[in-house]
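These numbers were taken from a predicted model, which means no experiment stands behind them.
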Amino acid sequence: IQHGAGIKIVDKLHKPLNGALNTLLPNVKDRITQLVEVRLALEPENARHAAQRGSAAALKMLKACHERFVAAESFEAQVQADMDFHCLLADASGNRIASLLIQSLSELLQTSLTHGYNRVTKDQAVKDHAAVLAAVSKRDADAAAAAMKAHLLNARDDLGIKSPRR
């Protein structure tokens with residue numbers, strides 16, 4: 001808000017985070033590796049909460065998004081539908097902070113998906129999304145979280161990222 005200028009509405013709240021990530025982690029592979037770690041911590045719980053709290057309208061949007069992903073023929077449409085699925089799932093979780101976190105990582109997520117789909121087809125991701133969607137639709141929170149974790153581990157493999165040592 002500026003005196004005499006009114007209120008400015010911003011819909012790109014993630015821009016400062018993406019800029020900071022690019023500066024702090026200039027190596028793309030390092031950024032993607034750390035993104036996978038963050039996603040493994042966050043997204044299975046998003047799926048769990050979506051199964052517990054998601055509205056009928058949210059589930060309908062997830063299903064439509066998945067259908068768009070299955071039908072996607074262009075590389076760009078495939079990446080966008082995949083990203084949208086994860087954002088919609090976070091929205092369905094009912095946790096506004098989780099949703100904003102996923103949105104704030106959208107540019108890095110797009111980079112990660114682009115790298116992954118340059119290496120493999122969308123087939124495994126389609127199966128994984130279907131498993132997440134089925135569990136969420138059945139309101140099976142544990143299965144939804146497990147399906148999302150499995151999906152993210154598959155995505156990590158698709159990116160050629162080795163699992164961390166134990």
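Among all heavy-atom pairs drawn from Ala77 and Ala72, the shortest one is C-CB, 3.8 Å. Of all heavy-atom pairs between Ala92 and Ala58, the closest is CB-CB, 3.8 Å. The shortest heavy-atom contact between Cys65 and Ala81 is SG-O, 3.3 Å.
Hydrophobic clustering (ILVMFWY, side-chain heavy atoms < 4.5 Å, transitive): Leu101 and Leu152 are in distinct clusters. Ile102 and Val79 end up in different hydrophobic clusters when Ile, Leu, Val, Met, Phe, Trp and Tyr side chains are linked at under 4.5 Å. Val70 and Leu113 end up in the same hydrophobic cluster when Ile, Leu, Val, Met, Phe, Trp and Tyr side chains are linked at under 4.5 Å. The cluster map of Ile, Leu, Val, Met, Phe, Trp and Tyr, joined by side-chain heavy atoms under 4.5 Å apart, puts Leu42 and Leu100 in different clusters. Val126 and Met83 end up in the same hydrophobic cluster when Ile, Leu, Val, Met, Phe, Trp and Tyr side chains are linked at under 4.5 Å.
The main-chain N or O of Phe75 is never found under 3.5 Å from a side-chain atom of Lys122 such that the two would form a donor-acceptor pair. No side-chain donor-acceptor contact under 3.5 Å links Ser112 to the backbone of Leu108.
Checked by atom type, the side-chain pair Asp82/Gln78 shows no donor-acceptor distance below 3.5 Å. Under the 3.5 Å distance criterion, with hydrogens and angles disregarded, no donor-acceptor pair is assigned to the side chains of Gln110 and Ser106. With no hydrogens or angles considered, no side-chain donor-acceptor pair links Asp30 and Gln34 at under 3.5 Å.
The CG atom of Asp142 lies 8.5 Å from the CD atom of Gln52; values are rounded to the nearest 0.5 Å. Remark: Leu133 CG to Glu67 CD distance equals 8.5 Å, nearest 0.5 Å. With rounding to the nearest 0.5 angstrom, the CZ atom of Arg48 is 9.5 Å from the CG atom of Asp140. A distance of 9.0 Å separates CG of Leu35 from OG1 of Thr111, quoted to the nearest 0.5 Å. The line from CZ of Arg119 to OG1 of Thr114 is 14.0 Å long, rounded to the nearest 0.5 Å.
Looking at Leu59 and Arg139, their side chains come closer than 4.5 Å, going by heavy atoms from C-beta outward. Within the 4.5 Å cutoff, the side chain of Val132 has heavy atoms near those of the Met148 side chain. When side chains are defined from C-beta on, Asp84 counts as touching Arg68, because their heavy atoms get closer than 4.5 Å. Looking at heavy atoms from C-beta onward, Leu153 lies out of side-chain contact with Asp157 at the 4.5 angstrom threshold. Annotation: side chain of Leu159 is not in contact with side chain of Arg156 (no heavy-atom distance under 4.5 Å). Side-chain contact between Asn95 and Arg53 is present, with heavy atoms from C-beta onward closer than 4.5 Å. Residues Glu43 and Asn46 are in side-chain contact: their nearest non-hydrogen atoms beyond the backbone lie under 4.5 Å apart.
Between Arg96 and Asp91 no salt bridge is recorded (no basic side-chain N to carboxylate O distance below 4.0 Å).
Sorted by first and then second residue, the ring-ring contact (aromatic ring centres under 6.0 Å, His included) pairs involving residues 109-155 (not counting sequence neighbours) are Phe69-His129, Phe85-His129, His86-His129, His86-His151, His129-His151.
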